*Asks:* 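For reference, the structure I am asking about is given below.
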Amino acid sequence: MDNNHYARILNEIAALSQIKGVNRFKIRAYENAARTVENLTEPIDARIEDDTVEDIKGIGKSIAEDLREIHETGTCTVHTELLSELDPGLLDLLEIQGLGPKRIKAIYEELGVCDLPSMKEAAESGEIQKLSGLGKKTEQKILAEIERLERHAGRTPLPQARRTALSIRDRLAKLDAVDRIEIAGSIRRGRETIGDIDVLVTTDDPQAVTDAFVSLTDVAEVLVSGETKTSVRLVGGIQVDLRVVDEDLFGSALHYFTGSKEHHIELRTRAKRAGLKISEYGVFKTDDDETLVASKTEEDIYAALDLPYIPPEIREGHGEIEAAEEGRLPDLIEMSDVRGDLHMHTTETDGRASILEMAQAAKELGWSYIAITDHSQAVTVANGMTPERFEAHIEAIKKANDEIDDFTILSGIEVDILKDGSLDMDHDLLAAADWVVASVHSYFNMETDKMTERLLAAIETGLICEMGHPTGRMLGGRDGYTYDMDAVLEAALEHGVAMELNGSTGRLDFNAENARRAQSRGLKLVLGSDAHSTQGLSAIEYAVQQARRGWLTADDVLNTLPVDELLKSVRPKH
DNA sequence: GCCGTTTTCGGCCCGACTGTTTTCAGTCG
């Protein structure tokens, strides 16, 4: 069973327990355990079977028992009892901003409201405002929130949220009153989907900045406005929080507003033991009259806690603080480590630039090589290449090399993995090409076993360098196809196939968790832009960011190698 | 429910803002 299945049940136990009103630390224990399971690089099934599940930090006797029960039956008593006591529809109500577990419980008990439709009905008929502690305003907010949830559910994909954030940043940066402005929050950490945008500003005129912020043309509604914190909702539905801080406190504020919550909880617990207190205003001593120890930079904050700097991308409460303590923090890959890009398209199929244009643009970005990887014929909508066209394309790529200095253009292809696992191209042509990306573009809904067989067959041809966008998921769109990931990773390792971390803005596939899982098995990753235009090449930044979230170093990534070493590192039997 | 360089019991991050209240609980990040 997939780790996510276990995590989902633990999360539901936490959410339902909140509404039931149990001890909040017990709830946190379930949340922590869910997060731990989600981010485990090995199958939880294996830990249950060899009876080591209780050795995992954050999983004790009781939750271990729950996990064993889920392993055997698919669910556990704690979960089923909560579901029979309460109503599963209540989980949706937690999505309503401004309503927490206490109020939901009260409304549930007083009015029998058990899901979004009954909440809407109760609010529309004015029943909510009659309850003690609730009033007309809360009732109106609930209605507005339900309407918003009906219109626009879920989180925003990172690239889209980042564009919005940068636009807001640039507009506010023009104000005289703004000294320094920075995007913090989950965008800075590079989470693949974004709940809201956090903007941090230093100024000597907070009122002027706040006024300008709420007057931005795309602000639909002001949610909160205080001295240091203002929140708005944009026309598109996304929430933006603006925080105004003193210059001297910039480091501690940036650290605080970057999160994650879990990272902070762990860090603050650690600080407390050392007689320190952390808030957005700095690190303070708790024993005397609260002396300020650090606040100017994030480096200062970590130094005050006797820790090395922890990069934003891994501040997720996934063991990074423990690793920092023990000097085990990975030296995360950086943009400057990347030497080339191994996944892109040209006008030969569905790209918008020629071979040479792509090469020149890549050279300007600082790369020393690229692979041109146009589609094979199965992708008819992309004008995929027949064997004849591919053969000619290989020649054209070789020729283009003569027209650019100090740069290598590898001949390649993104060959389709057909329904039966065979490759959509003559094998001798694949063998003749420098770089072969193999990808699935059809029949996404195959059964898990069939899809596993399909991918294994493709890997076992021995002709593949790299598995392209390995799960096929679209960010904020379709889910990835399902297969036995462990079996596929094992085969890829055996046949010298790297897994791609595709940075194109609609995908980010592999995601960070899968990349870390592959890396922990000894597999290499490749960062690819999947560019269809010269501008598209910059998507590699997203791939780097996700790689950092997956704790990858330059050594884990093949396209940090010089081109000759790169080519030696794949297709060993070839 | 989990955990231990103050601990096997007694803790478990910290502050801002709002609405409904007359001093603060609830929610959020």
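These figures come from a predicted structure and were not determined experimentally. Throughout, a chain's letter reflects where its sequence line sits, starting with A, and its residues are numbered from 1.
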*Asks:* Donor-acceptor pair, A:Gln546 side chain versus A:Gly190 backbone, under 3.5 Å?
*Replies:* yes
*Asks:* Pick the C1' atom in B:dG11 and in B:dA25, then give their distance to the nearest Å.
*Replies:* 23 Å
*Asks:* Closest approach to the side chain of A:Arg243, judged atom by atom: which nucleotide of B:dG15, B:dG1, B:dG29 is it?
*Replies:*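 Closest of the options to the side chain of A:Arg243: B:dG29.
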*Asks:* Tell me: CG of A:Leu242 to P of B:dC17, nearest whole Å?
*Replies:*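 Rounding to the nearest Å, CG of A:Leu242 and P of B:dC17 are 11 Å apart.
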*Asks:* What integer number of Å spans the C1' atoms of B:dC12 and B:dT6?
*Replies:*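 Here B:dC12 and B:dT6 have their C1' atoms 15 Å from each other.
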*Asks:* Please measure how far the P atom in B:dC14 lies from the corresponding atom in B:dT20, and state the result in whole Å.
*Replies:* 30 Å
*Asks:* Tell me the interatomic distance from A:Leu249, atom CG, to B:dG15, atom C1', rounded to whole angstroms.
*Replies:*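 Those two atoms, CG and C1', are 14 Å apart.
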*Asks:* Would A:Arg171 and A:Ser167 count as having a side-chain donor-acceptor pair, cut-off 3.5 Å?
*Replies:* yes
*Asks:* Are the side chains of A:Leu508 and A:Arg473 in contact, using a 4.5 Å heavy-atom criterion?
*Replies:* yes
*Asks:* Taking only residues two or more places apart in sequence, or in another chain, which ones meet A:His71 in a ring pair (Phe, Tyr, Trp, His ring centres under 6.0 Å)?
*Replies:*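 Expected list: none.
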*Asks:* Expressed in angstrom and rounded to an integer, what is the separation of A:Arg270 atom CZ from B:dT5 atom P?
*Replies:*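 Distance check: A:Arg270 CZ to B:dT5 P gives 12 Å.
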*Asks:* Distance between the P atoms of B:dG15 and B:dG10, in whole angstroms?
*Replies:*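 One P to the other, the span is 26 Å.
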*Asks:* Do side-chain atoms of A:Asp218 reach the backbone of A:Val235 as a donor and acceptor pair under 3.5 angstrom?
*Replies:* no
*Asks:* At less than 4.0 Å, is any side-chain N or O atom of A:Ser62 found next to OP1 or OP2 of B:dG1? Yes or no.
*Replies:* yes
*Asks:* Considering only atom P, compute the distance from B:dT7 to B:dG1 and round it to an integer number of Å.
*Replies:* 25 Å
*Asks:* Identify all pairs in which a protein N or O lies below 3.5 Å from an N or O of nucleotides 11-13 of chain B, and state each distance.
*Replies:*
residue, atom, partner, partner atom, Å
B:dC12, OP1, A:Lys272, NZ, 2.6
B:dC13, OP1, A:Arg28, NH1, 3.0
B:dC13, OP1, A:Arg28, NH2, 3.2
B:dC13, OP2, A:Arg28, NH1, 2.8
B:dC13, O2, A:Arg268, NH1, 2.3

*Asks:* Using atom types as modelled, flag every donor-acceptor pair under 3.5 Å from a side chain in residues 271-280 of chain A to any protein atom, sequence neighbours excluded.
*Replies:*
residue, atom, partner, partner atom, Å
A:Lys277, NZ, A:Glu290, OE1, 3.1
A:Ser279, OG, A:Tyr281, N, 3.0

*Asks:* Can you tell me how far C1' in B:dG26 sits from the matching atom in B:dT21, rounded to whole Å?
*Replies:*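 It works out to 13 Å between them.
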*Asks:* Closer than 3.5 angstrom, by distance alone: can the side chain of A:Thr203 be matched with the main-chain N or O of A:Ala177 as a donor-acceptor pair?
*Replies:* yes
*Asks:* Could you work out which one of B:dG15, B:dG29, B:dC2 sits closest to the side chain of A:Ala29?
*Replies:* B:dC2
*Asks:* For B:dC13 versus B:dG29, give the span between their C1' atoms, rounded off to a whole number of Å.
*Replies:*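 It works out to 12 Å between them.
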*Asks:* Which heavy atom of A:Trp551 sits nearest to which heavy atom of A:Glu320, and what is that distance?
*Replies:* CH2-CA, 3.6 Å
*Asks:* Rounded to whole angstroms, how far apart are CD on A:Glu316 and C1' on B:dG29?
*Replies:*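 That distance rounds to 14 Å.
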*Asks:* Distance check needed: B:dC14 P versus A:His255 NE2, whole Å only.
*Replies:*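 These atoms are roughly 14 Å apart.
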*Asks:* Using 0.5 Å steps for rounding, measure from the CD atom of A:Glu192 to the CG atom of A:Asn511.
*Replies:* 5.0 Å
*Asks:* Could you give the distance separating B:dT18 and B:dT22 at their C1' atoms, to the nearest angstrom?
*Replies:* 15 Å
*Asks:* For the pair made of CZ in A:Arg273 and C1' in B:dC3, what is the distance, rounded to whole Å?
*Replies:* 10 Å
*Asks:* Syn if the chi torsion is within 90° of 0, anti otherwise; quick check, which is B:dT7?
*Replies:*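 The base of B:dT7 is oriented syn (glycosidic angle within 90° of 0).
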*Asks:* Provide, to the nearest angstrom, the distance between the CD1 atom belonging to A:Ile13 and the C1' atom belonging to B:dG1.
*Replies:*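 To the nearest whole Å, that distance equals 11 Å.
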*Asks:* For A:Arg315 and B:dG29, what is the distance between atoms CZ and C1' respectively, to the nearest whole Å?
*Replies:*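 These atoms are roughly 16 Å apart.
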*Asks:* Any strand is fair game: report the nucleotide pairing with B:dT8 by Watson-Crick or G-U wobble, both distances under 3.5 Å, or none.
*Replies:*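 Looking at the geometry, B:dT8 pairs with no nucleotide.
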*Asks:* Under the rule for salt bridge (charged side-chain N to carboxylate O under 4.0 Å, His left out), what residues qualify as partners of A:Arg103, not counting sequence neighbours?
*Replies:*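 Applying salt bridge (charged side-chain N to carboxylate O under 4.0 Å, His left out) to A:Arg103 gives none.
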*Asks:* Once each nucleotide of nucleotides 18-27 of chain B is scored for protein heavy atoms under 4.0 Å, what B/S/- sequence comes out, 5' to 3'?
*Replies:* SSSS----SS
*Asks:* I'd like to check the side chain to side chain donor-acceptor pair (under 3.5 Å) partners of A:Arg169; sequence neighbours left out, ordered by chain and number.
*Replies:* none
